[in-house]
Amino acid sequence: MRNQKQNMITSYTSLYFEAKKRYTELLQIKSMKEKELEKAPPGKIHISKTKKGVQFYLRTHTKETTGKYISKADKSTIGRYLQKAYDEKITKLVNIEINSLKKFLVKSENSISKIQNAYSNNPIEVKNYIKAIDMSDEDFANKWLSIPYKGKAISDYVPYFETRRKERVRSKSELNIANALLDFGVPYKYECPLHLKNGMTIYPDFTILDVKKRRVIYWEHRGMMDDKEYAKHAVNRLKLMLQEGLFIGENVIITEETGSTPLASNEIKAVISKYLGA
């Protein structure tokens with residue numbers, strides 16, 4: 001995957017994702033401020049600067065040039081109207097940025113789509129001759145899934161759990177994770193070997209493809225954390241991943257359970273939504 005990724009551009013660049021994140025945040029701010037403005041008192045505050053500081057006047061009509069003086073002792077009223085004035089200004093500025101980002105995102109998505117389709121719109125016989133810099137999400141996922149690998153053998157004495165993809169996993173929780181990934185359309189490989197720089201090979205529970213960001217994420221489910229030897233092995237394994245430059249919250253997902261506190265289905269779905277936007 002690493003060598004393959006070097007020959008591919010990221011379909012949705014960091015700039016695109018930062019813009020989309022900012023766009024979402026601004027929409028949330030806009031919604032919040034609009035609701036607050038609906039509850040704001042009528043009229044507007046006028047700030048008059050003097051040699052001794054500022055004075056506050058409440059204007060209830062648009063044509064009013066003076067207004068009713070508000071004593072500085074009335075901090076509650078002053079605060080409400082100053083907040084209203086600020087929220088009105090922020091809402092206008094936020095709308096300007098929202099419109100700018102929307103135009104940028106649309107243009108980026110159109111450009112990305114054209115670049116991808118330059119490869120993906122071809123028949124398979126043509127694709128086989130092309131070294132593409134990018135392709136559709138479907139083509140990228142299928143290409144990644146088509147790379148063969150040999151997983152870790154599962155002993156006969158281990159309880160038998162089979163996913164809807166007809167693959168054997170080691171536990172009920174891994175079964176639930178695999179089926180949830182399948183439900184969300186997230187490409188994954190079970191116990192795909194990860195060759196480390198120190199020459200060792202480990203087998204993360206799930207190697208997941210984040211299609212949009214063209215990156216791999218490793219999901220380690222630690223299912224017997226009340227077992228001391230198991231927990232020790234899990235910690236050592238995480239240390240190996242850290243030495244490899246793999247960090248929790250970035251490209252490593254960790255879920256845990258004990259015999260008395262199993263991993264719930266809603267928790268699995270929350271993790272997938274958080275890290276993969278599914």
Side-chain angles (χ1 to χ4, degrees), residues 4-49 54 56 58-64 78-121 132-141 144 184-187 208-217 247-251 253 269-278:
Q4 179 186 0
K5 188 174 180 181
Q6 290 175 357
N7 296 324
M8 304 284 290
I9 63 171
T10 302
S11 287
Y12 296 88
T13 63
S14 297
L15 178 60
Y16 173 89
F17 277 106
E18 287 299 318
K20 194 165 187 179
K21 180 181 177 182
R22 176 67 173 169
Y23 180 75
T24 301
E25 290 172 349
L26 289 172
L27 288 176
Q28 293 172 346
I29 291 171
K30 177 185 176 182
S31 177
M32 178 183 68
K33 290 303 179 186
E34 286 177 344
K35 289 178 181 178
E36 290 176 358
L37 285 170
E38 288 176 1
K39 300 176 183 178
K44 61 186 297 185
I45 198 166
H46 172 69
I47 303 171
S48 177
K49 295 181 181 180
V54 296
F56 303 100
L58 174 59
R59 294 178 176 177
T60 55
H61 303 289
T62 54
K63 295 182 179 181
E64 199 170 356
I78 292 173
R80 288 199 304 272
Y81 278 99
L82 288 177
Q83 186 64 51
K84 178 185 178 182
Y86 173 81
D87 289 347
E88 288 174 338
K89 185 174 183 179
I90 284 298
T91 300
K92 290 179 181 179
L93 294 173
V94 163
N95 277 326
I96 292 171
E97 189 174 356
I98 284 174
N99 292 331
S100 297
L101 286 174
K102 187 175 181 180
K103 292 176 182 178
F104 167 78
L105 291 171
V106 169
K107 288 183 179 179
S108 293
E109 288 164 2
N110 287 338
S111 298
I112 290 166
S113 179
K114 289 177 181 178
I115 291 172
Q116 291 177 345
N117 289 337
Y119 172 84
S120 291
N121 282 349
I133 63 167
D134 201 2
M135 59 187 68
S136 70
D137 291 350
E138 182 180 3
D139 276 342
F140 189 82
W144 183 78
F184 280 101
V186 177
I208 301 166
L209 182 64
D210 183 346
V211 180
K212 292 295 184 186
K213 293 185 179 180
R214 300 297 199 251
R215 63 173 183 156
V216 164
I217 298 175
F247 298 96
I248 298 173
E250 292 183 9
N251 40 25
I253 298 170
K269 292 176 182 177
V271 169
I272 295 173
S273 296
K274 171 66 177 178
Y275 288 95
L276 297 158

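For reference, positions follow the sequence shown, starting with 1.
Scanning for side chain to side chain contact (heavy atoms under 4.5 Å, CB included) contacts around Lys44 gives Arg59, with sequence neighbours left out. Applying the side chain to side chain contact (heavy atoms under 4.5 Å, CB included) criterion to Gln28, with sequence neighbours excluded, gives Thr24. Ser100 is linked by a side chain to side chain contact (heavy atoms under 4.5 Å, CB included) to nothing, counting only residues two or more places apart in sequence or in another chain. Asn121 meets the side-chain hydrogen bond (donor to acceptor under 3.5 Å, both in side chains) test with no other residue; sequence neighbours excluded. Under the ring-ring contact (aromatic ring centres under 6.0 Å, His included) criterion, Tyr16 pairs with Tyr12, not counting sequence neighbours. Remark: Ala270 engages no residue in a side chain to side chain contact (heavy atoms under 4.5 Å, CB included) (not counting sequence neighbours).
Here the CZ atom belonging to Phe184 is positioned 9.5 Å from the CG atom belonging to Leu276, to the nearest 0.5 angstrom. With rounding to the nearest 0.5 Å, the separation of CG in Asn117 from CE in Met135 is 12.0 Å. Distance check: Lys102 NZ to Leu26 CG gives 13.5 Å after rounding to the nearest 0.5 Å. Separating the CH2 atom in Trp144 from the CG atom in Leu209 is a distance of 5.0 Å, to the nearest 0.5 Å. In this structure, CD1 on Ile29 lies 6.0 Å from CE on Met32, to the nearest 0.5 angstrom. Separating the CD1 atom in Ile253 from the NZ atom in Lys274 is a distance of 11.0 Å, to the nearest 0.5 Å.
Residues Tyr275 and Asp210 form no side-chain contact, since every pair of their non-hydrogen atoms from C-beta on lies 4.5 Å or further apart.
Note on residues 103-115: no pairs pass salt bridge (Lys or Arg N to Asp or Glu O under 4.0 Å), not counting sequence neighbours.
Between Arg214 and Asp137 the shortest heavy-atom distance is NH1-OD1, 3.0 Å. Nearest heavy-atom pair, Pro42 versus Leu58, reported as atom, atom and distance to 0.1 Å: O-CD1, 4.4 Å.
A donor-acceptor contact shorter than 3.5 Å links the side chain of Ser120 to the backbone of Ser136.
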Give every donor-acceptor pair under 3.5 Å between a side-chain atom in residues 82-98 and any protein atom, sequence neighbours left out.
{"from": "Gln83", "atom 1": "NE2", "to": "Asp87", "atom 2": "OD1", "distance (Å)": "2.8"}
{"from": "Lys84", "atom 1": "NZ", "to": "Pro41", "atom 2": "O", "distance (Å)": "2.8"}
{"from": "Lys84", "atom 1": "NZ", "to": "Gly43", "atom 2": "O", "distance (Å)": "2.6"}
{"from": "Asp87", "atom 1": "OD1", "to": "Lys33", "atom 2": "NZ", "distance (Å)": "2.9"}
{"from": "Thr91", "atom 1": "OG1", "to": "Asp87", "atom 2": "O", "distance (Å)": "2.7"}
{"from": "Asn95", "atom 1": "OD1", "to": "Lys30", "atom 2": "NZ", "distance (Å)": "3.2"}
{"from": "Asn95", "atom 1": "ND2", "to": "Thr91", "atom 2": "O", "distance (Å)": "3.2"}
{"from": "Glu97", "atom 1": "OE1", "to": "Arg22", "atom 2": "NH2", "distance (Å)": "3.0"}
{"from": "Glu97", "atom 1": "OE2", "to": "Arg22", "atom 2": "NE", "distance (Å)": "2.9"}

Q: Check the pair Gln116, Phe140 against side-chain contact (heavy atoms from CB on, under 4.5 Å), reporting the backbone distance first and the verdict last.
A: CA-CA 10 Å; Gln116 291 177 345; Phe140 189 82; over 6 Å; no
